[in-house]
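Scroll down for the structure; my scribbles are underneath it.
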Amino acid sequence: MMDRSSAASVDPASAPSPHDAKTDAKIDAKIDARTDAKGLQEALYEQMFANDEPGPAPDAQTQPESQRRWPRLRRGAKIAIGLALIAIFGWLPLRAVWEYSSVEAVLNSRLVTLRTPIGGRVAAAQRLTDQARLDAGTVVLRVVNPRGDRTRLDDLRRQKSRLENERPSLAAKLASAQAAQKDLARQATQFRDGRVLQLEARIAEIQTSIEAAAARREEASAAVERASSLAKSGNVSTVELARLTRELSVSQQTELGARKRLDAAKVELAAARNGSFLGDSYNDRPSSVQREEEMRQPAGDLDADLARTDTEIAWLASEIITEEIRFADLSEANITTPVTGRVWEMMTSPGEDVQPGQPLLKVLDCSGAVITANVTESVYNRLQLGDHATFEPNDGGAAISGTVVNLTGAAGAPANLAINPDALSKEPYRVTVALGDGAAHACTVGRTGRVVFARQETAP
């Protein structure tokens, strides 16, 4: 009873118009029948212009304005929903068909793995935090090997010390030998000078004897001439003439012998001036000269030994420097970053013992930023190396331009990237795009988006 009374008390003007109910049912039926975008658009168009058709609605004119506004709001909401559906199911597929774009794309970068060249214990060169930005040449870690092999370095130092200790003794022996050699050379010089003076005096004596012999020869010759004249007149006997003739012959031979001694003395003088001494009681070298020559040989040997010692000391010094550098390289190594980037992965910690060649950390190369994307087979077959591409981030950031540098296809992707391209698994065809200004994006590795490739006009 209450339901009937409440139903009866309702104002008939508030009940929905039969015309409106019929129109809504007709539109719903058309929407269900047309599921595609075109059918939905036609249904909305019919709904929008349904009120323009004339119809008997005498009661609708008497309804309040608030009662007639509700159907219009419903129609507006349906129109907005329809337009949104058209945009989603119409424009996006159309744009995807029209553009050459990737299925997935991610901003990526290359990794640089730093390895230890020696074995030892890791020590932190500076405090590093996760994702810390590093400049090229920054020392990030130190590897210290306190048990480095220094056997060769110690042997070289011992050899150098031994030679340096022997050198003063060799130098003293050389100085003593050289002093003795100089003394003997001085004695030999004095002997030669004295011998030269002696020979010069002898030559002068011989010349005087020659002059006396020449005078006696001239006297004997004059006596012979007088005796010969007197012998003809009978004043001088024949015996006296013979004696005077004999004296002339003796004086001539005496003068000749003196001249021969003069020639011998001149020969001895010339030999003495040249360093050779001629005589019957000694050889061509006096004892002082012989001793000086004997002392010259050991002095030369000592000089050669001293020069060899100095050469070996200099060579050992250079070898010690080289060995010290090698030992320093083997006992301690500074791990520096070759590129500007940031720490991507720490693979060790201070205090850990490592082996030669063991990776210590990975650095993200900010200057080598690339975009890895996967595309469909049809888009992949249209791409070429050097094609222009644009990366559009999903977060609405500014687009980044680049160039296609690698078409990997279905082959394995490079392994030195921060994000393995195999993670993009929707399509098997992979493309790598190099950024023209990749260093200016602060290594924002991991940003997702899509890559739009420039359309290439194919020749007919």
Side-chain angles (χ1 to χ4, degrees), residues 106-161 315-370 372 405-406 408 411-424 430 432 434 438-439 442-446:
V106 63
L107 186 61
N108 212 336
S109 185
R110 305 188 187 281
L111 293 177
V112 177
T113 302
L114 302 183
R115 302 176 182 272
T116 173
I118 62 173
R121 182 163 298 175
V122 179
Q126 60 177 340
R127 183 178 179 182
L128 295 178
T129 59
D130 294 339
Q131 308 300 324
R133 187 174 181 84
L134 304 173
D135 296 330
T138 303
V139 180
V140 293
L141 293 174
R142 292 174 54 250
V143 180
V144 181
N145 183 14
R147 294 181 295 274
D149 186 11
R150 54 181 302 161
T151 303
R152 175 171 170 76
L153 179 59
D154 294 338
D155 291 341
L156 292 174
R157 287 177 175 174
R158 282 192 293 267
Q159 293 178 14
K160 182 182 177 183
S161 299
W315 178 79
L316 289 173
S318 62
E319 286 294 315
I320 288 173
I321 293 174
T322 304
E323 189 64 23
E324 286 177 348
I325 295 174
R326 190 187 70 85
F327 176 73
D329 293 339
L330 294 178
S331 60
E332 182 175 349
N334 293 329
I335 309 301
T336 60
T337 57
V339 296
T340 300
R342 56 188 176 89
V343 177
W344 181 257
E345 180 182 1
M346 290 290 296
M347 309 176 71
T348 185
S349 59
E352 181 180 352
D353 291 334
V354 295
Q355 300 298 325
Q358 181 175 339
L360 301 181
L361 75 159
K362 292 182 178 181
V363 177
L364 191 66
D365 185 5
C366 295
S367 62
V370 296
T372 54
V405 295
N406 193 5
T408 308
N416 65 329
L417 294 176
I419 300 176
N420 195 338
D422 292 338
L424 306 178
R430 299 178 179 86
T432 303
C443 286
T444 55
V445 173

I would like to know whether Glu319 and Lys160 meet salt bridge (charged side-chain N to carboxylate O under 4.0 Å, His left out); could you show each step before the answer? CA-CA 10 Å; Glu319 286 294 315; Lys160 182 182 177 183; over 6 Å; no
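When side chains are defined from C-beta on, Leu330 does not count as touching Pro117, because their heavy atoms never get closer than 4.5 Å. Side chains of Leu360 and Val143 form a contact here, defined as non-hydrogen atoms less than 4.5 Å apart. For the pair Asn406/Val370, no side-chain contact is recorded, criterion being any heavy-atom separation below 4.5 Å from C-beta on. Side-chain contact check for Pro338 versus Leu114: some heavy-atom pair is nearer than 4.5 Å. The side-chain heavy atoms of Leu153 and Ile320, taken from C-beta on, include a pair separated by under 4.5 Å.
Expressed to the nearest 0.5 Å, how far CG of Asp353 lies from CG of Asn145 amounts to 9.5 Å. Note: Leu156 CG to Ile321 CD1 = 11.5 Å, rounded to the nearest 0.5 Å. In this structure, CG in Asn108 is found 5.0 Å from CD1 in Ile419, a value given to the nearest 0.5 Å. Annotation: the span from Arg150 atom CZ to Glu324 atom CD amounts to 9.0 Å, rounded to 0.5 Å. In this structure, the separation between CG on Leu134 and OG1 on Thr336 is 11.0 Å, given to the nearest 0.5 Å. Summarising the geometry, atom CG belonging to Leu361 is positioned 10.5 Å from atom CG belonging to Leu111; distances are rounded to the nearest 0.5 Å.
Contact between Arg115 and Pro359 at its shortest, heavy atoms only, is NH1-CD, 3.4 Å. Listed here is the closest heavy atom pair of Asp365 and Val112: CB-CG2, 4.3 Å. Between Ser331 and Ile118 the shortest heavy-atom distance is C-CD1, 4.0 Å. Val122 and Ser349 make their closest contact through CB-O, 3.8 Å (heavy atoms, listed as atom of the first residue, atom of the second, distance).
Pairs passing the salt bridge (Lys or Arg N to Asp or Glu O under 4.0 Å) check and including a residue from residues 140-149, sequence neighbours excluded, read Arg142-Glu332.
A donor-acceptor pair is defined here as one N or O able to donate and one able to accept, closer than 3.5 Å; no such pair exists between the side chain of Asn416 and the backbone of Arg110. Thr113 places no side-chain N or O within 3.5 Å of a backbone atom of Lys362 that could act as its donor or acceptor partner.
A salt bridge is defined here as a Lys NZ or Arg NE, NH1 or NH2 lying under 4.0 Å from an Asp or Glu carboxylate O, and Glu323 with Arg157 fails to meet this definition.
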